[in-house]
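Here the structure comes first, spelled out in structure tokens, and everything after it is commentary.
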Amino acid sequence: MCGIVGVVGNPEAQQIVLTGLQRLEYRGYDSAGIASLGAEGQLTTRKAVGKLQALLDEVATNPMGPSTIALGHTRWATHGAPSTTNAHPHTGGLGPNTLTVVHNGIIENYQELKSEMASLGAKFLSETDTETIPYVIAASLAHSADTMAQAVHAASKKFRGSFAFVVMKNGENNQLTGTRRGAPLCIGVAENANYFASDPLALAGITSKFIFLEDDDIATISPQGVEVRDATGKPVERPVKTLDLSTDLAGKQGYKHFMLKEIHEQPAVVSSILQAYTTADTLLPTLPMGSLNLAGVTYINIIACGTASYAAMVGKYLIEQYARVPVNVEVASEFRYRNPPYPPGGLFIAVSQSGETADTLAALEHAKAAGQHILVFTNVTTSSMARAAHAVIDLMAGREIAVASTKAFTAMMTTLSLFALQLAAARGLSAKEISTHITALRTLPNHITNQLTNTKPLEDLANHLTAASSMLYLGRGSLAPIAFEGALKIKEIAYIHAEAYASGEMKNGPIALVDKNLPVVNLATSTDGLFEKTVSNLKEVEARQGQVILITDTEGATKLDTHTRDKLTLLTVPTVPAFISPMVFTIPLQILAYLTATAKGTDVDQPRNLAKSVTVE
Ligand code: AGP
């Protein structure tokens with residue numbers, strides 16, 4: 001959450017920062033700001049509330065003057081409402097040293113630091129935790145530190161929480177200093193200029209060479225070079241990686257929204273996964289497992305947040321059914337603080353599109369410290385989680401820009417399905433049965449494509465749902481997590497309150513909500529042996545005048561009697577083996593949420609209050 005860009009040594013510094021911030025807007029979009037130092041080291045700052053366009057307009061109206069150094073920030077508010085006063089960069093100084101900072105994350109002990117700094121003469125203007133940073137660094141400079149790196153090092157020891165920040169000393173227009181703990185920060189390396197960014201994407205087209213900082217590294221960049229010190233203050237060489245970011249800048253390619261583009265990319269994503277991770281002739285899974293001995297795995301924790309946690313639940317169903325290994329799926333924010341026992345032979349799997357979600361990363365580190373083997377399913381192979389893992393499964397979904405996850409979810413379920421089969425193979429499931437399931441997976445791109453061609457029935461339903469203030473989503477077995485994901489999607493982008501339950505749980509409480517105003521989306525497939533039970537649950541809704549919406553497969557639809565059929569809104573998906581049902585049933589729910597949101601006119605790609613990458617806990 002929050003995006004940072006810093007440039008030193010480039011006469012286009014301000015433009016590079018503004019372009020970089022536009023690309024980082026997915027990290028937060030409630031306010032933005034930029035600061036630069038002129039030839040004499042004088043500070044100029046511009047800030048604006050709202051999307052980045054507001055800052056671009058502000059800078060166009062009030063140009064900043066020439067400079068070769070600049071810092072910028074796009075904010076997802078934590079401490080203090082979105083306002084120009086709370087927008088970054090924040091400036092503060094003690095004695096001769098005034099510093100300007102941009103920050104991502106949370107300084108948890110900011111209140112005690114504020115009191116301490118106020119007693120030294122600090123004057124706080126904002127409600128942010130960030131504003132303590134320049135003062136604490138200035139205090140270090142005044143007392144013990146000779147260089148900015150030393151001052152940031154000393155100051156960082158006082159900060160609690162997870163954060164990344166970059167700081168500029170007013171009057172010194174030839175260097176920037178940055179550090180990270182938990183939150184991401186990389187350095188873009190180039191000739192005669194160097195850069196900081198929360199994500200390499202910010203610097204696409206400027207450089208292809210990146211250094212990813214480790215926790216508590218302190219980096220100083222200048223036009224002449226980069227110097228990195230580790231947590232002990234010793235100079236270190238971090239590897240420089242070359243990245244090709246060209247495909248990440250592809251834009252919407254004619255689609256109205258990134259979300260719609262990403263929904264349509266799903267057939268290609270599934271094809272890429274199957275091509276990369278299955279054998280063409282024998283149809284067996286080949287996910288890279290590093291040194292992990294799959295046959296020795298006795299217990300699995302799959303830890304994730306949000307949409308990724310629903311993909312993890314699908315993974316649990318398949319792993320337990322086919323590999324017969326017990327699986328615990330848990331949201332990372334709970335797992336990380338409850339000191340769970342780790343059985344010998346345990347495997348820890350983190351699932352994360354971004355690979356940066358703070359809670360998931362912290363849970364991973366907890367498990368790693370306890371000696372568990374760490375497997376990460378992620379879409380960003382340079383992410384913090386990928387770097388901390390023993391083995392990484394690349395989700396191969398391509399960059400996902402829309403805040404509401406779609407193609408990454410499908411990629412997670414597809415790769416976890418392959419993992420279930422690979423584990424099952426190691427535990428003796430026959431190659432014949434495994435190849436049957438992989439043959440089913442290979443039909444998935446076509447089934448998804450077909451569903452994307454006729455969306456008219458979903459459009460009619462979406463128009464009806466614009467009037468709904470609340471909804472229920474129900475599903476059984478491996479479709480229960482899909483119900484959860486469907487409810488999350490409609491909440492996130494259409495702002496309709498939605499609850500999801502395993503169908504059988506409805507009678508234990510949620511049924512009290514059912515009345516003629518409540519749309520209830522039921523998911524049922526004829527291929528999992530649970531169809532009749534789910535139909536019984538929807539009859540219970542019908543008997544209480546709820547608006548029954550049934551998504552079932554074409555075969556399932558034929559099993560309904562006329563009376564039942566007449567009383568509900570019926571949407572069909574193709575009849576497919578139960579193994580791939582979760583992916584097939586996901587598609588109409590994604591489209592339904594998208595169409596309802598567009599019918600309501602919400603900001604589909606950047607819904608209110610959210611950010612794509614959740615790097616605070
Ligand atoms: C999905 O639509 C959400 N925006 C959100 O729940 C997301 O899945 C969650 O924050 C986890 O993100 P990650 O996959 O990058 O870890």
Between Thr307 and Glu485: side-chain donor-acceptor atoms closer than 3.5 Å: yes
With Ile263, the side-chain contact (heavy atoms from CB on, under 4.5 Å) member among Glu265, Gln266, Lys261: Gln266
Side-chain heavy atoms of Cys305 within contact of Val614, under 4.5 Å: no
Heavy-atom check, side chain of Ile302 versus side chain of Ile319, under 4.5 Å: yes
Within-4.5 Å side-chain heavy-atom neighbours: Lys316 and Leu416: no
Side-chain heavy atoms of Asn508 within contact of Tyr501, under 4.5 Å: no
Residue pair Gln606 / Asp603, side-chain donor-acceptor N/O under 3.5 Å: no
Pair Lys539 + Glu542: basic N to acidic O under 4.0 Å: yes
Donor + acceptor pair across side chains of Thr572, Thr554 (<3.5 Å): no
Tyr322/Phe579 aromatic ring centres below 6.0 Å: yes
Donor + acceptor pair across side chains of Ser526, Asp553 (<3.5 Å): yes
His264: which of Tyr255, Tyr594, Phe258 passes ring pair (Phe, Tyr, Trp, His ring centres under 6.0 Å): Tyr255
Lys/Arg-Asp/Glu bridge criterion (N-O < 4.0 Å) met for Lys612, Asp199: no
Verdict with supporting geometry, Ser405 and Glu400, side chain to side chain donor-acceptor pair (under 3.5 Å): CA-CA 7 Å; Ser405 185; Glu400 193 178 63; 2.9 Å; yes
Whether over 12 other heavy atoms sit under 6.0 Å from Glu334 CD: no
